[in-house]
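As structure tokens, the structure follows; a few thoughts come after it.
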Amino acid sequence: MKTSDAPQQKRSFFEDVYQVVKLIPKGKVTSYGAIAQYLGSKGSARMVGWAMNQAHAMHNVPAHRVVNRQGLLTGKQHFGESDRMQRLLEAEGVEVQDSQIQNFAQRFWDPSVELA
DNA sequence: TGTGTGACGGGCG
DNA sequence: TCGCCCGCCACAC
């Protein structure tokens, strides 16, 4: 086995994202950019979004709590059912109207601030 | 090895 | 105000 082992945790950028997402309190949401900024790559919000795509395999990652800066459930399409993501948020007390989180500013949870 | 992709964000017309 | 374009960076093929 040499260096070919360690197929488990890769300490990749993804896991960092997952850890942050897991820390999102129930009933709160954050944005891709906020996570990216917390990770140090403010302009790499796309990476976070893409990481969420892989997070699909991770059942411990509440990806539904991550939305874009507008508070819009842009990633709902990746949850299979169009209403699944919204349903999950509503189950946590987050008001969602037409894929748009209500009182987004109030529900917003910034890791770079809360985890500071 | 290099190119393309991507659940975004900010800026400009 | 709305819409379009460009930029960022890691990962897969």
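Naming: A, B, ... by sequence-line order, numbering from 1 per chain.
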* What integer distance in Å separates A/Tyr18:OH from C/dC11:C1'? -> 11 Å
* At under 4.0 Å between heavy atoms, what does A/Arg69 touch on the DNA or RNA strands: base, sugar-phosphate, or nothing? -> sugar-phosphate
* Send over the distance from A/Phe13 CZ to B/dT5 P, rounded to a whole Å. => 20 Å
* Looking for any heavy atom pair under 4.0 Å, which part of the strands does A/Asn68 touch: base, sugar-phosphate only, or nothing? -> sugar-phosphate
* Asked: Would you say the side-chain atoms of A/Arg84 pair up with the backbone N or O of A/Phe79, donor to acceptor, closer than 3.5 Å?
  -> yes
* N or O in side chain of A/Thr74 less than 4.0 angstrom from B/dC8 OP1/OP2 -> yes
* Structure fact -> Side-chain contact check for A/Arg46: nearest option of C/dC9, C/dA10, C/dG7 is C/dG7
* To do: Figure out the OH/P separation between A/Tyr32 and C/dG7, and round it to whole Å.
  => 23 Å
* d(CG, A/Asp110; C1', B/dG9) in whole Å -> 15 Å
* Asked: In whole angstroms, how far is the P atom of B/dG10 from the CD atom of A/Gln70?
  -> 10 Å
* Asked: Rounded to whole angstroms, how far apart are CD1 on A/Ile24 and C1' on B/dA7?
  -> 13 Å
* Asked: Looking only at heavy atoms, which two atoms of A/Val21 and A/Ala63 are closest? And how far apart?
  -> CG1-N, 4.3 Å
* Nearest listed nucleotide, side chain of A/Trp50, among C/dA10, C/dC8, B/dA7 -> C/dA10
* Asked: Are a donor atom and an acceptor atom from the side chains of A/His64 and A/Glu92 found within less than 3.5 Å of each other?
  -> yes
* To do: Report the distance from atom NZ of A/Lys42 to atom P of B/dG10, rounded to the nearest whole Å.
  => 8 Å
* Structure fact -> Rounded to the nearest 0.5 Å, the OG1 atom of A/Thr74 sits from the CE atom of A/Met52 at a distance of 11.0 Å
* Check: A/Gln102 side chain, A/Gln100 main-chain N or O, donor-acceptor pair, under 3.5 Å -> yes
* Counting a pair only when it is Watson-Crick or G-U and both distances are under 3.5 Å, which runs of at least 3 such pairs involve DNA chain B? -> B:2-6 with C:9-13, B:8-13 with C:2-7
* Between the main-chain N or O of A/Asn68 and the side-chain N or O of A/Ser31, is there a donor-acceptor pair closer than 3.5 Å? -> no
* **Sugar-phosphate only, base, or nothing, as touched by A/Ala63 at under 4.0 Å among non-hydrogen atoms** => base
* Could you state the CD-C1' distance from A/Gln86 to B/dA7, rounded to the nearest angstrom? -> 16 Å
* To do: Identify which nucleotide among B/dG9, C/dC11, B/dA7 has an atom closest to any side-chain atom of A/Ala45, counting heavy atoms from C-beta outward.
  => B/dG9
* Do A/Gln86 and A/Glu90 get their side chains close enough for a donor-acceptor pair, meaning under 3.5 Å? -> yes
